[in-house]
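Note: hydrogens, waters and symmetry copies are ignored here, and every other heavy atom, side chains too, is used.
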Amino acid sequence: MNKRLLLIDHNALLHRCRNALLKTGRKYTTSEGTPTTGVFSYLNSLLSIIEQQSPSHVVVCFDAGGNSRKEESEEYKANRAPLDPDFLCESRIILNEALYAMGIESVGLRGYEADDLLHTFAHCAQYGKERFEEVIIATVDQDLLQCVSDRCAVLLWNGVKKQQMIWVPEVLEKWECSPADICMIKALSGDSSDNIKGIPGIGKKTAIKIFKECQGNPGAILEHKKVREHAKTLGKNLELIRLRFCAEP
């Protein structure tokens, strides 16, 4: 049997499934009042993805708290509202009961985001001792496109039922750079979803243009006339956007 690893971005899937129901005005609880709005939809979606992708192994990655990026930058994700207590309750039900009953491993590591865990597992699965023929990361977060390679794809949710499998050709078409260089494009143009402000006057198109003019050379990009005075901001953005390897995946 081919070894195929499916990695699930837990919070992304739960947010997507839960919000889809809440937007219709539906909200569910158990007879004891325990919130379950997203639980059933989450598990249905998870089983559907597993059926579609036929993985040999599945790992769910979640945020365990203590985000080191927030310690480095007060502005990082400061635009996001605190998590709904009902969301946290449903998340615990899925992680502690449902996934355990299904025999699916769930992993979180304090100090790291789920993205970093997904990145670490994807790398180890491709280049570690126990190698997989293919890795699929299911998420809504385009930061994870940095993981894309000849053996690793991102299953990107663009809507409740809309999914797109992103391989290297799709990254090259949309970003006009390699997956590893996406962080530079986003560092130049900013990332509103994470409250990361880019270099003044530089949007995505201009960032790609600068990247091409400088042939992707970081030193040349730093010396570019539109970037030169904002080198510190660029460096800080890169640190926040670039995916990290976890010490203990």
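- Using a 4.0 Å cut-off between a side-chain N of Lys or Arg and a carboxylate O of Asp or Glu, Arg69 and Asp194 do not qualify as a salt bridge.
- Salt-bridge check for Asp143 with Lys186: passed, with a basic side-chain N closer than 4.0 Å to an acidic carboxylate O.
- Ion pairing between a basic and an acidic side chain is recognised when a charged N comes within 4.0 Å of a carboxylate O; Asp116 and Arg244 show no such pairing.
- A donor-acceptor pair under 3.5 Å links the side-chain atoms of Thr37 to the main chain of Tyr28, judged by distance alone.
- A salt bridge is absent between Glu133 and Lys3; no separation between the charged side-chain nitrogens and carboxylate oxygens falls under 4.0 Å.
- Remark: the Ser178 side chain and the Asp181 side chain contain an N/O donor-acceptor pair separated by less than 3.5 Å.
- A heavy-atom distance below 4.5 Å is found between the side chains of Asp115 and Asp141.
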Show, in sequence, the C-alpha distance, side-chain angles and deciding distance for Gln53 and Arg4, and conclude whether the side chain to side chain donor-acceptor pair (under 3.5 Å) test is met.
CA-CA 9 Å; Gln53 302 303 322; Arg4 194 167 198 245; 3.3 Å; yes

Is there a side chain to side chain donor-acceptor pair (under 3.5 Å) between Thr30 and Glu32? Walk through the geometry before answering.
CA-CA 5 Å; Thr30 64; Glu32 292 82 18; 3.3 Å; yes

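- Residues Glu213 and His224 have side chains that bring a donor and an acceptor to within less than 3.5 angstrom of each other.
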Applying side chain to side chain contact (heavy atoms under 4.5 Å, CB included), run through Trp175 and Leu145 and close with a yes or a no.
CA-CA 10 Å; Trp175 291 87; Leu145 295 179; 3.7 Å; yes

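- Under the 4.5 Å side-chain criterion, counting only non-hydrogen atoms from C-beta, Lys226 is in contact with Thr206.
- Asn2 and Glu134 share no side-chain donor-acceptor pair at under 3.5 Å.
- Phe132 and His57 have perpendicular rings, their planes meeting at more than 60° on a 0 to 90° scale where under 30° would count as parallel.
- In the model, His10 has no side-chain atom that pairs as donor or acceptor with a side-chain atom of Ser106 under 3.5 Å.
- The closest side-chain donor-acceptor pair between Thr24 and Arg26 falls under 3.5 angstrom.
- Side-chain contact, Gln126 with Ser149: a donor N or O sits under 3.5 Å from an acceptor N or O.
- When all heavy atoms of Ile137 and Ala122 are compared, the closest pair comes out as CD1-CB, 4.0 Å.
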